[in-house]
Protein chains: 2
Amino acid sequence: MKHISRDDISQMEKVPRLNLINSCTGYKSANLIATKSIDGQSNVAIFSSITHLGSNPALLGFIMRPTTVPRDTYKNIRETGYFTVNHVTQNIIAAAHHTSANYELGVSEFDKTTLDEEYKNDIEIPFVKGSPVQLYCKYVNEYYIKENDTIHVIASIEHLFFDENLEHKDGWLQLDKGNVVTLNGLDGYCLPQLIDRFEYARKEVPTKSFYQK
Amino acid sequence: MKHISRDDISQMEKVPRLNLINSCTGYKSANLIATKSIDGQSNVAIFSSITHLGSNPALLGFIMRPTTVPRDTYKNIRETGYFTVNHVTQNIIAAAHHTSANYELGVSEFDKTTLDEEYKNDIEIPFVKGSPVQLYCKYVNEYYIKENDTIHVIASIEHLFFDENLEHKDGWLQLDKGNVVTLNGLDGYCLPQLIDRFEYARKEVPTKSFYQK
């Protein structure tokens with residue numbers, strides 16, 4: 001095992017440090033957040049920090065650094081109060097990654113990539129067409145994280161759309177059936193496959209697979 | 001596409017709701033947090049909310065509901081100020097899942113599973129033996145999330161240990177080389193494989209693979 005201390009990390013050059021520290025906490029969710037500005041300009045940007053917060057109410061959180069890219073996302077969320085979360089699938093990883101380029105404020109990444117907007121019901125914010133899991137979310141609150149000048153945005157899930165092929169009888173969405181990817185660090189796109197699913201863990205009872213006879 | 005509204009979600013039964021909402025935000029990191037109480041009792045519990053917060057300083061965050069399982073983890077972190085984060089690999093998924101069982105306060109999941117403690121240097125908190133990426137972290141702060149009575153714990157990475165086979169020249173750790181798993185929902189353990197890695201995205205320049213000639 002290689003050992004790197006906090007001092008070593010602080011003395012690393014920027015790019016290796018970004019690569020190392022972004023990959024050392026494990027796999028991350030890969031989602032496209034789509035928004036619309038108050039004057040109707042669409043925007044889409046990749047995020048790897050969207051995390052489940054709670055199920056009742058259904059809440060998620062994600063981390064933003066509002067003074068840097070992607071600034072449009074934050075501005076639009078604050079203007080309209082809403083955004084969509086769209087899972088990244090294997091066939092759109094190059095386009096999804098390109099949304100992290102530093103385009104000028106007001107430029108739509110939908111115009112700069114092969115990603116297409118999709119509109120549903122009477123919702124004014126676009127979804128990403130073809131994504132097998134799509135959430136329509138409402139901004140609820142934010143917590144300023146003073147330790148590194150970031151913001152933890154809290155949002156509620158107002159509408160949930162998903163490909164029926166992913167759904168199990170007990171509500172679980174099996175993401176590998178939709179070719180949903182996960183992120184390894186800043187730029188490594190990985191395709192997971194289900195190994196096993198376990199029943200609720202009970203003390204003194206051995207872990208039991210759902211698929212065990 | 002199936003459509004479920006916020007009202008539908010709130011009217012679902014508890015288990016299907018937990019399964020659906022825990023799987024709808026995408027893949028999650030799978031980590032074992034190991035701690036030690038002030039009187040020397042070890043503890044280990046699985047977490048799926050550990051998220052990269054920043055690289056300089058190296059910070060991570062995770063979500064806890066301190067009044068429910070795993071209470072030992074939170075108590076021990078507050079008592080000693082330190083904990084370790086250990087990536088879950090394919091060969092320990094059943095044991096890792098079992099750490100979520102509701103054992104009494106003070107019971108060590110190291111005693112109830114095949115997971116083994118590992119001690120390094122002069123660090124008093126255990127690591128999980130065999131994990132290819134292990135972080136020694138210091139509690140820095142916490143933010144109470146009033147929306148659902150959870151706590152967002154912020155911690156710094158003080159020491160980082162990893163299997164050299166995962167390391168690339170540019171600092172990136174390739175997690176699939178260590179058989180690191182990711183979580184789909186509460187209980188679905190998945191093994192990712194790298195599809196592609198992309199260079200830093202620049203506006204008007206097509207996404208380029210690291211492996212592209």
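Computation of the quantities below employed the complete heavy-atom set of this structure, encompassing side-chain atoms and omitting hydrogens, waters and symmetry-equivalent molecules. Naming: A, B, ... by sequence-line order, numbering from 1 per chain.
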* Atom of B/Gly188, atom of A/Trp172 and distance for their closest heavy-atom approach -> CA-CZ2, 4.0 Å
* With a 4.5 Å heavy-atom cut-off, do B/Leu194 and A/Cys190 have their side chains touching? -> yes
* Asked: Any side-chain heavy atom of A/His3 sitting closer than 4.5 Å to one from B/Lys120?
  -> no
* **Contact check, side chains of A/Gln193 and B/Leu191, non-hydrogen atoms, under 4.5 Å** => no
* Asked: What residues, two or more places apart in sequence or in another chain, satisfy salt bridge (Lys or Arg N to Asp or Glu O under 4.0 Å) together with B/Lys177?
  -> none
* For chain A, find which of B/Ser156, B/Gly171, B/Pro192 contributes the most heavy-atom pairs closer than 4.5 angstrom. => B/Pro192
* Asked: So which of B/Asn22, B/Ile9, B/Asn19, B/Leu20 actually passes side-chain contact (heavy atoms from CB on, under 4.5 Å) with A/Ser55?
  -> B/Asn22
* To do: Identify which part of A/Lys169 has an atom lying under 4.5 Å from any heavy atom of chain B, answering side chain, backbone, both or neither.
  => neither
* What parts of residues 82-93 of chain A touch chain B if we use heavy atoms and a cut-off under 4.5 Å? -> A/His87, A/Gln90, A/Ile93
* At a heavy-atom separation under 4.5 Å, does A/Tyr144 approach chain B through its side chain, its backbone, both, or neither? -> backbone
* Structure fact -> Ranked by heavy-atom pairs below 4.5 Å to chain A, first place among B/Glu199, B/Glu104, B/Arg202, B/Glu147 goes to B/Glu147
* Asked: Donor-acceptor pair, A/Asn148 side chain versus B/Asn56 backbone, under 3.5 Å?
  -> no
* Could you tell me which portion of A/Lys2 (side chain, backbone, both or neither) has an atom closer than 4.5 angstrom to a non-hydrogen atom of chain B? => both
* To do: Please examine the side chains of A/Thr51 and B/Thr25, heavy atoms only from C-beta on, and report whether any two atoms are closer than 4.5 Å.
  => no
* If you count the non-hydrogen atoms of other residues, nucleotides and ligands that lie under 6.0 Å from CD in B/Glu164, is the total more than 12? -> yes
* If you take all heavy atoms of B/Phe162 and A/Ile4, which pair is closest and at what distance? -> CE2-CD1, 3.7 Å
* Asked: Closest heavy-atom contact between A/Ala101 and B/Lys203?
  -> CB-N, 3.5 Å
* Flag side-chain contact, heavy atom, 4.5 Å: B/His152 against A/Ile63 -> yes
* Asked: Under a 4.5 Å cut-off applied to non-hydrogen side-chain atoms, are B/Asn102 and A/Tyr200 in contact?
  -> no
* Side-chain contact, heavy-atom cut-off 4.5 Å: B/Arg6 with A/Tyr136? -> no
* With only heavy atoms counted, which part of A/Asn121 is less than 4.5 Å from chain B, the side chain, the backbone, both or neither? -> side chain
* Heavy-atom check, side chain of A/Thr207 versus side chain of B/Thr113, under 4.5 Å -> no
* Give, as side chain, backbone, both or neither, the part of B/Leu53 having an atom under 4.5 angstrom from any heavy atom of chain A. => both
* Segment of A/Leu135 engaging chain B (4.5 angstrom heavy-atom cut-off) -> side chain
* What part of A/Leu60 is in contact with chain B, defined as an atom under 4.5 angstrom from a non-hydrogen atom: side chain, backbone, both or neither? -> side chain
* Identify the two heavy atoms, one from A/Met1 and one from B/Asp163, that lie closest to each other, and give their separation to 0.1 Å. => SD-N, 3.5 Å
